[in-house]
Amino acid sequence: GESVGLHLPTLSVQEGDNSIINCAYSNSASDYFIWYKQESGKGPQFIIDIRSNMDKRQGQRVTVLLNKTVKHLSLQIAATQPGDSAVYFCAESRIALIFGKGTTLSVSS
Amino acid sequence: DAGVTQSPTHLIKTRGQQVTLRCSPKSGHDTVSWYQQALGQGPQFIFQYYEEEERQRGNFPDRFSGHQFPNYSSELNVNALLLGDSALYLCASSHNAGQDTEAFFGQGTRLTVV
């Protein structure tokens, strides 16, 4: 079936390193993608989005890359901080948001 | 702006009972979507309400129903609760239901069925 999934369930990095979280999607007709951050006990928080007419979008310390050829998304976090520790989800928007299972990012100082 | 607010934050129910969860959307938003998030999983879409009507529905049984009020707030009702209904229930609001509008989530309601 159609789904959005993440490559790795966990990622551990040192404070100050750059983090890369990957996501593959299967619906080639998808045209809008969002990355969410979810801290323990909280709802998902919007980080950054990208539309299919773009291949890169930058925010504050975060960059999303979209490769439509291989149906792949990535979230890059620069200078990762302990406060970045959370579960990260990519989601595909088709009126409803279709979420993957998430990657748990652990940042050690 | 209070953002998306959900109530209650936690709830314990017994199998077979019924539950109602509530959501107030972010100011200016007219669309509310509900998601179920089991432990360790991503949120799963239940349904979306726009202009007081169910606009789209995910793969959930009829035991799950909802309502949207004229002020855009929404309720999620679950009947005949099962142990497997234990989850975090999330409400998300957006402006004008569509495929590329940013959705804001509430903190969720943690439902435990015993």
Side-chain angles (χ1 to χ4, degrees), chain A residues 1-10 21-54 57 59 64 66 73 75 86-105, chain B residues 2-7 9-10 21 23-26 29-51 53-60 64 66 87-110:
Chain A
E2 297 171 343
S3 66
V4 177
L6 291 173
H7 291 300
L8 291 175
T10 61
I21 301 172
N22 295 307
C23 172
Y25 65 95
S26 59
N27 188 345
S28 57
S30 297
D31 58 8
Y32 181 55
F33 304 89
I34 311 106
W35 280 99
Y36 283 93
K37 172 186 180 184
Q38 188 173 25
E39 296 174 286
S40 181
K42 297 185 179 180
Q45 177 187 0
F46 175 93
I47 302 172
I48 192 167
D49 60 1
I50 189 166
R51 289 175 171 75
S52 60
N53 61 351
M54 305 170 70
R57 189 156 190 237
V64 56
L66 174 63
L73 275 166
L75 176 70
V87 180
Y88 289 81
F89 294 97
C90 65
E92 174 184 6
S93 180
R94 288 180 262 162
I95 298 182
L97 291 171
I98 311 299
F99 285 84
K101 291 186 178 180
T103 290
T104 300
L105 176 64
Chain B
V4 180
T5 58
Q6 293 186 242
S7 63
T9 54
H10 296 82
L21 310 182
C23 172
S24 292
K26 181 178 171 65
H29 284 184
D30 54 11
T31 303
V32 172
S33 302
W34 287 91
Y35 293 81
Q36 180 194 66
Q37 186 176 24
L39 200 61
Q41 303 295 315
Q44 298 293 310
F45 175 72
I46 303 175
F47 41 54
Q48 182 182 88
Y49 277 85
Y50 174 65
E51 293 188 339
E53 291 190 359
E54 184 180 291
R55 185 184 185 94
Q56 187 174 9
R57 188 179 184 92
N59 187 25
F60 278 81
F64 290 76
L88 180 68
Y89 288 85
L90 295 162
C91 170
S93 75
S94 56
H95 179 58
N96 289 340
Q99 289 184 265
D100 59 352
T101 55
E102 183 180 340
F104 290 81
F105 282 84
Q107 300 264 60
T109 293
R110 172 70 63 186

Exercise. Is the shortest heavy-atom distance from the side chain of S33(B) to the side chain of L97(A) under 4.5 Å?
Worked result: no
On a heavy-atom basis, the closest approach of Q41(B) and F89(A) is O-CZ, 3.9 Å
Notebook entry, point to check: Take atom CG in N53(A); do more than 12 heavy atoms of anything else shown fall under 6.0 Å from it?
Noted result: yes
Whatever's closer than 4.5 Å to a heavy atom in chain A on Y35(B) counts as side chain
Under 4.5 Å to a heavy atom of chain A? For I46(B) that would be neither
If one checks every heavy atom of Q6(B) against chain A at 4.5 Å, the contacting part turns out to be neither
Minimal heavy-atom distance between L88(B) and K42(A), with the atoms involved, is CD2-O, 4.5 Å
When rounded to the nearest 0.5 Å, the distance separating CG of D49(A) from CD of E102(B) is 6.5 Å
So, the part of Q45(A) with a heavy atom under 4.5 Å from chain B: the answer is neither
What one should report as the nearest heavy-atom pair of L90(B) and P44(A) is CD1-CD, 3.7 Å
When the 4.5 angstrom heavy-atom criterion is applied to Q107(B) and chain A, the contacting part is both
